[in-house]
Protein chains: 2
Amino acid sequence: MRLSSSWEGDAFDPECPTRIVLDRVGDKWTVLIIGILDEGPKRFSEIRLAIGGITPKVLTSTLRSLVADGLVTREVFAEVPPRVEYELTDLGRSLQEPVAALRRWAELNVAAISDNRSRVAR
Amino acid sequence: MRLSSSWEGDAFDPECPTRIVLDRVGDKWTVLIIGILDEGPKRFSEIRLAIGGITPKVLTSTLRSLVADGLVTREVFAEVPPRVEYELTDLGRSLQEPVAALRRWAELNVAAISDNRSRVAR
DNA sequence: CCGAATCCTTCTGGATACTG
DNA sequence: CAGTATCCAGAAGGATTCGG
């Protein structure tokens, strides 16, 4: 399995695993949410409060897509008042590792990027 | 330095290092381009051909932002015909590591995600 | 309490044609 | 060869309001 080399003629591929994961993880809320859920199961409102500034519609749709991807489970408790808990799956938990690697790189190097950005003033 | 816990009340922060890097790396062409440049310096047309399907405008703007972030250098040679070479900086090269980690995770787990997606049919 | 429905804005990226 | 210039479509995300 070759990872580098032989890019010649390759086109953009929306089915590429890396692309799928980048789309998944690159969206505005995913990393934040799975970071919160890493503490343990959380209710809708807890997540919403923990993030602060996310509208219910956006939180709902993000959670739905996370569930659809198998990264999060959604459990409804038949109670009054209703309670819904979201929890990371093993798959979702395993995603934390590469994300943490990116986070570490970010914290080490984002200063350099920001410096360049302000200097160049694109 | 605590990474987890204490999310309480935290809001979405566009200045968060992780967010900046996710925005940088999550865009449509960045990972593809730095993957190509990992082989060595490349000319505009080489990159364009290697990717296939990117318009010059988009390639230009992506390369410009990569240069602005200090991940890539742009060198103009005063020749006829004109030649411009793009090359990874050390910073750009160092980014390959966390990206590779994400790529590995993707290749291991994207099947599971795709399975779930097709099953759930969101 | 946990969303759904609707409407709207913004932003990325693309099509096409042209230039130093 | 290496871009620019215009114009534009689609999707993500947000504001607000309403429902089970």
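Each chain gets a letter, A, B and so on, in the order the sequences are listed, and its residues count up from 1. Only a predicted model underlies this, so the values are computations on that prediction, with no experimental measurement involved.
- Proximity of B/Tyr86 to the phosphate of D/dG3: a side-chain N or O atom is located under 4.0 Å from OP1 or OP2.
- Taking every heavy atom of both residues into account, B/Ile20 and B/Pro14 meet most closely at CG1-O, 3.7 Å.
- Minimum interatomic distance between A/Ala101 and B/Ala101 (heavy atoms only, all atoms of both residues): CB-CB, 4.4 Å.
- Listed pair B/Arg43 / D/dA2 meets the phosphate criterion, a side-chain N or O lying under 4.0 Å from OP1 or OP2.
- A salt bridge links A/Asp69 and A/Arg24; the closest N-O separation between the charged side-chain nitrogens and carboxylate oxygens is under 4.0 Å.
- When the side-chain nitrogen and oxygen atoms of B/Arg74 are compared with OP1 and OP2 of D/dA2, none of them lie within a distance under 4.0 Å.
- A chain of hydrophobic side-chain contacts below 4.5 Å, direct or via other Ile, Leu, Val, Met, Phe, Trp or Tyr residues, connects B/Phe12 to B/Leu22.
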(request) Let me have a per-nucleotide readout for nucleotides 11-20 of chain C, 5' to 3', with B, S or -, counting only protein heavy atoms under 4.0 Å. (result) --BBB----B
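- Distance, B/Leu59 CG to D/dG3 C1': 10 Å, rounded to whole Å.
- Here A/Arg48 lies out of heavy-atom contact (under 4.0 Å) with every strand.
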(request) List the steps, then state whether side chain to side chain contact (heavy atoms under 4.5 Å, CB included) holds for B/Arg74 with B/Tyr86. (result) CA-CA 5 Å; B/Arg74 177 181 191 266; B/Tyr86 295 89; 3.2 Å; yes
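- Defining each end axis of the helix from C/dC1-D/dG20 to C/dG20-D/dC1 as the rotation carrying four pairs' C1' atoms onto the next four, with five pairs an end, the two axes are found to diverge by 50° to 10 degrees.
- Look at B/Glu107 and B/Arg104 and you find no salt bridge, because none of the NZ, NE, NH1 or NH2 atoms lies under 4.0 Å from a carboxylate O.
- Under the 4.0 Å criterion applied to side-chain N and carboxylate O atoms, B/Arg83 and B/Glu85 are assigned as salt-bridge partners.
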